[in-house]
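Notes for the one structure printed next.
What you see is a predicted model, and the numbers here were worked out from it, not measured in a lab. One-based numbering, in listed order, for ligands and for the atoms of each. Note: hydrogens, waters and symmetry copies are ignored here, and every other heavy atom, side chains too, is used.
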Amino acid sequence: MLIDVNAILSDRVLTMEESATLKMAQLARDLAAKGHKVINLSIGEPDFDTPEHIKEAAKKALDQGFTKYTPVPGLVELKKAIQMKFKRDNDLDFELNQIVVSNGAKQTISNICHAILNEGDEVIILAPYWVSYSEMVKMVGGVPVILKAGIETDFKVTAQEVEEAITNRTKAVLFSSPCNPTGSVYDYEELKEIAEVIGQHPHIQIISDEIYEYINFTGKHVSIGAFDAVKEQTTTVNGFSKGFAMTGWRLGYMGGPKWMADACSKIQGQVTSGATAFGQVAAAHALTSDLTPTYKMCEAFQKRRDLVRDLLSQIPGFKVNNPQGAFYIFPDVSAYFGKSSAEMTIQNADDLSEYLLAEAHVAVVSGSAFGAEDCIRLSFAASEEELKDAISRIANAMKSLK
Ligand code: PMP
Ligand code: GLU
């Protein structure tokens with residue numbers, strides 16, 4: 001008997017977009033498996049390995065018997081380290097019961113969406129935005145309100161634009177700084193102004209995704225939750241994936257109002273229980289030990305930023321920003337829309353990404369996944385050799401478009 005799978009699957013999954021970053025990464029792997037030399041600049045993942053001392057701490061924790069369930073919101077030892085880190089790096093004060101550890105910052109943000117959104121509630125998402133925000137909001141019935149900035153303002157919105165986007169359905173404002181996909185960093189003044197606007201609406205929550213905090217080339221990271229105007233209404237999200245090169249460990253966390261932490265913990269208690277025990281011990285070690293390996297990675301990313309920015313800006317028609325953090329660059333490539341190769345016409349950034357994978361064997365992600373149809377995202381978490389090779393392949397592929 002033929003089964004209609006679509007009649008079985010939920011509307012939720014049928015209307016949901018697949019993660020564009022993960023999809024491109026898989027397409028790149030598939031092409032490489034066929035024997036092609038693919039350069040994968042699609043996924044946002046440090047190419048460095050987790051620092052040795054953190055791996056050693058995990059091995060030791062395993063031997064010490066950290067192999068059981070932990071408390072749902074996390075081991076006290078890790079929560080104490082996070083509490084110390086929030087104070088040390090962000091000027092944020094949290095009690096231990098205001099902190100929840102999850103399986104990656106992805107789960108942290110998903111928990112928060114589950115915790116506060118009812119059908120029809122609006123979340124203002126500062127765009128370009130990380131792919132998963134809009135889908136996570138939609139998954140729980142919320143409505144993403146995309147507030148978009150272009151390359152001419154370094155992809156940053158103003159406080160006034162935030163104010164204008166607020167309605168009586170607005171539940172939260174969600175953004176990342178340093179930003180994935182643009183690398184833009186909101187500075188002290190810009191965040192202060194946004195905080196002052198949102199502070200006028202005490203029921204609106206700020207979800208501040210600071211996962212790229214340690215990859216910041218401006219020298220100083222600012223947390224919006226540190227402004228008095230929004231102290232009580234900000235949940236700060238962070239994790240270990242980027243700053244400590246620990247993507248596969250799946251560890252993220254939040255600090256926010258106690259009621260938010262309680263809600264996230266309640267949700268997590270029914271879904272995943274808690275994060276891996278021995279990983280949490282190693283994560284505590286990561287935060288409390290010397291951050292030199294993290295700073296070294298940041299220096300390497302800054303060098304690569306300079307390299308890719310300079311090389312990409314030499315490609316005719318590419319408009320390039322100067323990322324101040326994270327490891328992405330987000331050129332506006334709209335000058336090529338309407339041009340054709342022998343095989344295809346490039347109508348948009350999706351087509352161009354497809355063309356670059358097929359023609360140059362370079363995987364990038366279309367800006368449409370991030371709410372910016374004119375751009376493509378390249379991750380520069382790759383070696384300088386690979387980056388040079390990739391950009392020279394891209395430049396050649398662009399020359400063939402007429
Ligand atoms: N936020 C942003 C902006 C990201 O780029 C990522 C990377 N996947 C995440 C959150 C989630 O990170 P993780 O789940 O690996 O902690
Ligand atoms: N944050 C990374 C990216 O944007 C990892 C992949 C993902 O989880 O989306 O590529």
Side-chain angles (χ1 to χ4, degrees), residues 16-29 40-48 50 74 78 82 100-113 123 125-137 155 173-186 207-216 221 235-254 264 268 271-272 275-276 279-280 283 286-287 301 323-330 353 363-372 375-382:
M16 196 173 134
E17 298 287 339
E18 185 183 348
S19 163
T21 48
L22 302 183
K23 184 174 160 190
M24 257 339 251
Q26 191 54 46
L27 285 175
R29 281 186 210 111
N40 187 1
L41 307 185
S42 66
I43 197 160
E45 171 161 70
D47 54 323
F48 301 105
T50 305
L78 175 55
I82 293 169
V100 177
V101 178
S102 303
N103 295 95
K106 214 171 212 174
Q107 191 195 10
T108 304
I109 300 166
S110 170
N111 282 345
I112 295 168
C113 290
V123 178
I125 298 178
L126 309 195
Y129 60 88
W130 178 46
V131 272
S132 296
Y133 292 161
S134 53
E135 296 312 305
M136 287 190 197
V137 167
F155 298 112
V173 176
L174 167 58
F175 71 105
S176 62
S177 175
C179 174
N180 176 3
T182 61
S184 299
V185 172
Y186 282 85
I207 309 166
S208 177
D209 181 351
E210 302 181 16
I211 192 153
Y212 294 98
E213 168 181 11
Y214 291 131
I215 308 167
N216 185 329
H221 175 77
T235 299
T236 304
V237 176
N238 212 320
F240 295 87
S241 287
K242 316 293 169 170
F244 297 97
M246 291 170 68
T247 46
W249 295 60
R250 313 307 306 125
L251 283 165
Y253 59 89
M254 56 75 89
C264 289
Q268 187 163 296
V271 182
T272 57
T276 315
Q280 290 189 54
L287 290 178
F301 285 131
Q324 299 298 317
F327 37 63
Y328 308 104
I329 190 157
F330 204 55
S353 310
V364 302
V365 188
S366 166
S368 62
F370 307 96
C375 300
I376 55 172
R377 188 190 80 172
L378 294 86
S379 158
F380 48 85

Nearest protein heavy-atom contact for [atom]: which residue, which atom, what distance?
atom                    : answer
atom 1 (N) of ligand 1  : Asp209 OD2, 2.5 Å
atom 5 (C) of ligand 2  : Gly44 O, 3.5 Å
atom 12 (O) of ligand 1 : Ile211 CD1, 3.4 Å
atom 1 (N) of ligand 2  : Lys242 NZ, 3.1 Å
atom 8 (O) of ligand 2  : Lys106 NZ, 2.8 Å
atom 15 (O) of ligand 1 : Ser241 OG, 2.6 Å
atom 9 (O) of ligand 2  : Thr21 OG1, 2.7 Å
atom 16 (O) of ligand 1 : Ala105 N, 2.7 Å

*Taking the side chain from Ser102 and the backbone from Gly104, do they hold a donor-acceptor pair closer than 3.5 Å?*
no
*Can you list the atoms of ligand 2 that are under 4.0 Å from a heavy atom of Tyr328?*
1 (N), 2 (C), 3 (C), 4 (O)
*List every atom of ligand 2 that sits less than 4.0 Å from any heavy atom of Leu22, numbering the atoms from 1 in the order shown and giving each element.*
6 (C), 7 (C)
Can you tell me if [X] contacts ligand 1 (heavy atom of the residue under 4.0 Å from the ligand)?
X      : value
Lys242 : yes
Gly252 : no
Arg250 : yes
Thr247 : no

*Go through ligand 1 atom by atom and flag the ones less than 4.0 Å from a non-hydrogen atom of Gly104.*
14 (O), 16 (O)
*With a cut-off of 4.0 Å, which atoms of ligand 1 are near a heavy atom of Asn180?*
3 (C), 4 (C), 5 (O)
Just heavy atoms, cut-off under 4.0 Å: does [X] contact ligand 2 by side chain, backbone, both, or neither?
X      : value
Asn180 : side chain
Phe370 : neither
Arg377 : side chain

*Can you figure out which of Trp249, Trp130, Tyr212 has its heavy atom closest to atom 5 (O) of ligand 1?*
Tyr212
Hey, do the aromatic rings of [X] and [Y] have their centres closer than 6.0 Å?
X      : Y      : result
Phe175 : Tyr133 : no
Phe380 : Tyr328 : no
Phe301 : Tyr214 : no

